[in-house]
2 protein chains.
Amino acid sequence: MKLSTKTRYGTRILIELALQLNQGAIQVSKISSNQKIPVKYLEQILRTLKKAGIVKSVRGPKGGHLLAKDPGEIYLGQIVRLFEGQTDLVACVSSPEKCEMAADCLVRDAWHDATSVLYEKLDGISIADLINNNGSNNLAGCASL
Amino acid sequence: MKLSTKTRYGTRILIELALQLNQGAIQVSKISSNQKIPVKYLEQILRTLKKAGIVKSVRGPKGGHLLAKDPGEIYLGQIVRLFEGQTDLVACVSSPEKCEMAADCLVRDAWHDATSVLYEKLDGISIADLINNNGSNNLAGCASL
DNA sequence: ATTTACTATACTAAATTAGTATACATTTTT
DNA sequence: AAAAATGTATACTAATTTAGTATAGTAAAT
């Protein structure tokens, strides 16, 4: 019932990039040391984020990674869906064929409802929210981001 | 991000016992065949449920297991907490020492909030609700349970 | 006594997750 | 054009967790 390190690392990477929005592309080596994520593992995670259109990269010397979207438009729900192999609390929610008892299962709807509630919450929290809530003020609309 | 089989099996076992409330103690062998759970694995799960005071047992011939509480007072949240080793979405929520960066982590509060929302939902669904919602009628107060 | 049931713990196998290793491709600067 | 710095892709391995089995009992009703 816990999130994978890829999801957690991915989120931290996006926060790091968001905090350095005005400083051009950030090198893998820099993110790696700041976030204490092994370089090769970090590169895998960055590739996933790139494919999803959340991050873009610049090649060559002075190259690196930067956000492809506004931090206010990147939501935790999207990140979790991207990295968690199974996004439902139980497999049968989206794949009833995985359980021969799914048809008359009394709990399945309940697991589905709980999953929904969780993602509704996660879909309501953006990277910008995380940054602005530091210090407990909600400044989600802040122009500087 | 998925629930363990113990949680899912545990819930199904409780539903089975709730559906047979008036029929005395139910044998392990019977639950095992109905729910397609290996006997020895089932016994482990039943023991956990017993320790938690949700199920009680009767020994000897004609013995078996039965609910120790009203189905309306057994909530999914309790079952999930009982069987999931880590009940938070991320370990640092309840154990900040597990991450050296927890103190100034911008996401930690968000993971905590999401966890809370999930359990609030699960704590609002009882075994009786599951049984009564079969057929989409909400008869949660039904006296026969 | 015997049968039928529950209890406890150690162990093993399967699956998943986390992280490494190898090899290669691209782009800017000199 | 070459070199240096960076990103890309995939295969593999190690660690952890989860799921399930095996063994050896104990308790109670008939």
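Letters go in sequence order (proteins before strands), and every chain restarts at 1.
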What's the NZ-C1' distance between B:Lys50 and C:dA8, to the nearest Å?
-> 12 Å
Atom CG of B:Leu66 and atom C1' of C:dC6 are separated, to the nearest Å, by 13 Å
Separation of D:dG7 P from A:Leu17 CG (nearest whole Å) = 11 Å
Is the backbone N or O of B:Val28 less than 3.5 Å from a side-chain atom of B:Glu43, with the two atoms forming a donor-acceptor pair by type?
-> no
Which donor-acceptor pairs under 3.5 Å do side chains of residues 29-36 of chain A form with protein atoms, sequence neighbours excluded?
{"from": "A:Lys30", "atom 1": "NZ", "to": "A:Gln20", "atom 2": "OE1", "distance (Å)": "3.1"}
{"from": "A:Ser32", "atom 1": "OG", "to": "A:Ile37", "atom 2": "O", "distance (Å)": "2.7"}
{"from": "A:Ser33", "atom 1": "OG", "to": "A:Ser29", "atom 2": "O", "distance (Å)": "3.3"}
{"from": "A:Ser33", "atom 1": "OG", "to": "A:Lys30", "atom 2": "O", "distance (Å)": "3.0"}
{"from": "A:Asn34", "atom 1": "ND2", "to": "A:Glu16", "atom 2": "OE2", "distance (Å)": "2.6"}
{"from": "A:Gln35", "atom 1": "OE1", "to": "A:Arg12", "atom 2": "NE", "distance (Å)": "3.0"}
{"from": "A:Gln35", "atom 1": "NE2", "to": "A:Glu16", "atom 2": "OE1", "distance (Å)": "2.7"}

Provide, to the nearest angstrom, the distance between the CG atom belonging to B:Leu46 and the C1' atom belonging to C:dC6.
-> 10 Å
Does B:Lys98 come within less than 4.0 Å of B:Asp88, counting only side-chain N to carboxylate O?
-> no
Protein proximity profile, nucleotides 18-30 of chain D - base contact B, sugar-phosphate-only contact S, no contact -, cut-off 4.0 Å on heavy atoms = -SBB-BB--SBS-
Here the gap from B:Thr48 atom OG1 to B:Ile79 atom CD1, rounded to the nearest 0.5 Å, amounts to 12.5 Å
Spacing of B:Lys56 atom NZ relative to C:dA5 atom C1', expressed in whole Å = 18 Å
Return no unless some side-chain N or O of B:Ser29 is found under 4.0 Å from OP1 or OP2 of C:dT4.
-> no
Could you tell me whether the side chains of A:Ser4 and A:Glu84 share a donor-acceptor contact shorter than 3.5 Å?
-> yes
Do any side-chain nitrogens or oxygens of A:Thr7 fall under 4.0 Å of OP1 or OP2 in C:dT17?
-> no
Residue pairs involving residues 103-113 of chain B (criterion side chain to side chain donor-acceptor pair (under 3.5 Å); sequence neighbours excluded) = none
Protein-nucleotide distance (A:Ile37, atom CD1; C:dA18, atom P), rounded to Å = 12 Å
Whole-Å distance separating the CD1 atom of A:Ile45 from the C1' atom of D:dT10 | 16 Å
Between A:Gln86 (CD) and D:dT17 (P), how many Å, whole number?
-> 19 Å
